[in-house]
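This report refers to the structure that appears directly beneath it.
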Amino acid sequence: MKFSDKKKNVKVVRYLVALFVMVIIGVLIAGSVWIYAGREDKNVYRKQGIMDYNGGAYAEAVKNLQISLEKPAMFTSALDHDSRMYLADSYFLLQQYDEAIEVYDILLKEEDISDSDMEFLNRQKELVRGMIAFQTGDFETALPLFQTAIENGCTECTLYAGVCSAELGKQDSVVAYLTTYLSYNPDSAYACTQLADYYLQQGLYDTCNQYLQRGLQSEDHSCDAQLRFLEVVYYEYQHDFNTAYQLLCEYRNSYPVTEQVQREYDFLSTRQTLE
């Protein structure tokens, strides 16, 4: 082979190598752009979902987090794990407990899940099972699950444990759980109502009145009707029939007159004519 031919061959080889390198670089650049674009697209919805979650818009959070998880992108397993944690909690707060369990199960199947995450997720699943049992009125099943959650630091569950105890007739437990709950949530009208009623039935009127007034002054108005009626009965038990009658007349103008309310009205009307 002539020297000139060898020189040409070297040039061709160099050209092909350069072309190959350029193609590889182009592919790498295109791949990087694709990966970056996919990751950014996914992250836009993820960030919006987290903002919705932090703002209390849990239904919107679910929608955006689901879109984020459905977006294809490489090297986003850590982001997807975090998104699913927010998604599961959003379902929980929306009381969509079956959906929450589905997400927990997906998280538990991840290959690189840590022991601490596995423990947390299993605890959350047990709590969700407790909420499902609570919703269906299965208080026997729900109570021990809430007790376990309380032992694990979920103070909010003292309320649900108190409700379960009330439904199961475990009055001592009701007082213990709801008193604890009030120490963390001092404006809970439900807890005040239950405790006021309990102490009223026990004849401990001063303690009853403390919880009664606390509930009436609370910004939580979810139990106003029950508290107002308890107030009537409290004054009746104090033999202050005039005040009880006056309060019951006000009650009748604001709330439905049930059979119980009518019986109380008839009784107090009679007491008014005797004084």
Side-chain angles (χ1 to χ4, degrees), residues 42-73 76-168 170 173-174 177-178 181 184-185 188 190-191 194 220 222-223:
K42 174 186 282 285
N43 212 24
V44 166
Y45 286 99
R46 177 179 175 278
K47 287 180 178 178
Q48 183 59 51
I50 293 172
M51 286 178 60
D52 292 332
Y53 173 90
N54 290 331
Y58 303 119
E60 289 301 312
V62 165
K63 186 186 301 182
N64 283 304
L65 290 167
Q66 283 179 328
I67 293 173
S68 174
L69 288 165
E70 290 167 1
K71 292 283 183 181
T76 59
S77 59
L79 284 178
D80 287 346
H81 172 86
D82 194 55
S83 294
R84 286 193 175 93
M85 294 291 276
Y86 278 104
L87 179 61
D89 206 40
S90 295
Y91 278 132
F92 179 83
L93 293 166
L94 288 167
Q95 299 184 11
Q96 295 178 234
Y97 299 124
D98 290 333
E99 289 83 353
I101 286 179
E102 287 181 13
V103 180
Y104 290 138
D105 284 336
I106 292 172
L107 287 163
L108 284 165
K109 290 176 183 176
E110 291 178 350
E111 293 182 1
D112 56 348
I113 185 172
S114 67
D115 291 341
S116 59
D117 276 356
M118 183 176 292
E119 183 180 353
F120 170 77
L121 291 167
N122 280 318
R123 287 204 308 263
Q124 286 298 107
K125 281 184 66 175
E126 290 300 293
L127 174 56
V128 170
R129 290 193 180 101
M131 297 304 297
I132 292 172
F134 183 84
Q135 279 191 331
T136 58
D138 185 1
F139 303 110
E140 286 279 5
T141 298
L143 182 56
L145 293 171
F146 290 140
Q147 288 169 333
T148 300
I150 293 167
E151 291 168 4
N152 290 324
C154 183
T155 57
E156 194 71 20
C157 286
T158 53
L159 174 63
Y160 296 105
V163 175
C164 290
S165 296
E167 293 291 338
L168 296 170
K170 300 180 179 181
S173 296
V174 174
Y177 285 128
L178 294 185
Y181 181 73
Y184 295 103
N185 298 274
S188 171
Y190 175 84
Q194 292 295 316
D220 176 3
S222 60
C223 295

Quiz item: So, do Tyr97 and Phe92 have ring centers that fall under 6.0 Å from each other?
Solution: yes
Quiz prompt | Salt-bridge criterion met for Asp80 and Arg46 (N-O under 4.0 Å) | solution = no
Practice problem: Decide, yes or no, whether a salt bridge links Arg129 with Glu126 under the criterion of side-chain N to carboxylate O below 4.0 Å. | Solution: yes
When rounded to the nearest 0.5 angstrom, what is the spacing between [atom1] in [X] and [atom2] in [Y]?
X	Y	atom1	atom2	value
Ile101	Met131	CD1	CE	11.5 Å
Asn64	Lys47	CG	NZ	13.5 Å
Leu69	Tyr45	CG	OH	13.0 Å
Gln96	Glu102	CD	CD	10.5 Å
Leu94	Tyr58	CG	OH	8.5 Å
Phe120	Asp115	CZ	CG	15.0 Å

Quiz item: If you take all heavy atoms of Leu65 and Gly49, which pair is closest and at what distance?
Solution: CG-CA, 4.1 Å
Self-check item: Which atom of Leu127 lies closest to which atom of Cys157, heavy atoms considered
Solution: CD1-SG, 3.4 Å
Practice problem: Apply side-chain contact (heavy atoms from CB on, under 4.5 Å) to the pair Phe134 and Leu145, showing each step before the final yes or no. | Solution: CA-CA 10 Å; Phe134 183 84; Leu145 293 171; over 6 Å; no
Quiz item: Among Ile106, Val103, Leu107, which one satisfies side chain to side chain contact (heavy atoms under 4.5 Å, CB included) with Leu121?
Solution: Leu107
Self-check item: Qualifying residues under side chain to side chain contact (heavy atoms under 4.5 Å, CB included), relative to Ser173, sequence neighbours excluded
Solution: Ser165, Lys170, Tyr177
[X], [atom1] atom: more than 12 neighbouring heavy atoms under 6.0 Å:
X	atom1	answer
Met118	CE	yes
Lys63	NZ	no
Asn54	CG	yes

Donor-acceptor pair between [X] and [Y] side chains, under 3.5 angstrom:
X	Y	value
Glu156	Tyr181	yes
His81	Asp117	yes
Asp52	Gln48	yes

Quiz item: Between Asp105 and Lys125, does a side-chain contact (heavy atoms from CB on, under 4.5 Å) hold up when you go through it step by step?
Solution: CA-CA 9 Å; Asp105 284 336; Lys125 281 184 66 175; 2.6 Å; yes
Exercise. Taking the side chain as every heavy atom from C-beta outward, state whether Asp82 and Ile50 have any pair of such atoms under 4.5 Å apart.
Key: yes
Quiz item: Tell me, do Leu87 and Val62 make a side-chain contact under 4.5 Å, heavy atoms counted?
Solution: yes
Self-check item: Chi angles and distances behind the side-chain contact (heavy atoms from CB on, under 4.5 Å) call for Tyr160, Leu143
Solution: CA-CA 8 Å; Tyr160 296 105; Leu143 182 56; over 6 Å; no
Quiz item: Is the backbone N or O of Lys42 less than 3.5 Å from a side-chain atom of Ser68, with the two atoms forming a donor-acceptor pair by type?
Solution: yes
Self-check item: Worked verdict on Leu178 versus Leu159 for side-chain contact (heavy atoms from CB on, under 4.5 Å)
Solution: CA-CA 6 Å; Leu178 294 185; Leu159 174 63; 3.9 Å; yes
Practice problem: Evaluate the criterion side chain to side chain donor-acceptor pair (under 3.5 Å) for residue pair Thr136 and Asp138; output intermediate values, then yes/no. | Solution: CA-CA 6 Å; Thr136 58; Asp138 185 1; 5.4 Å; no
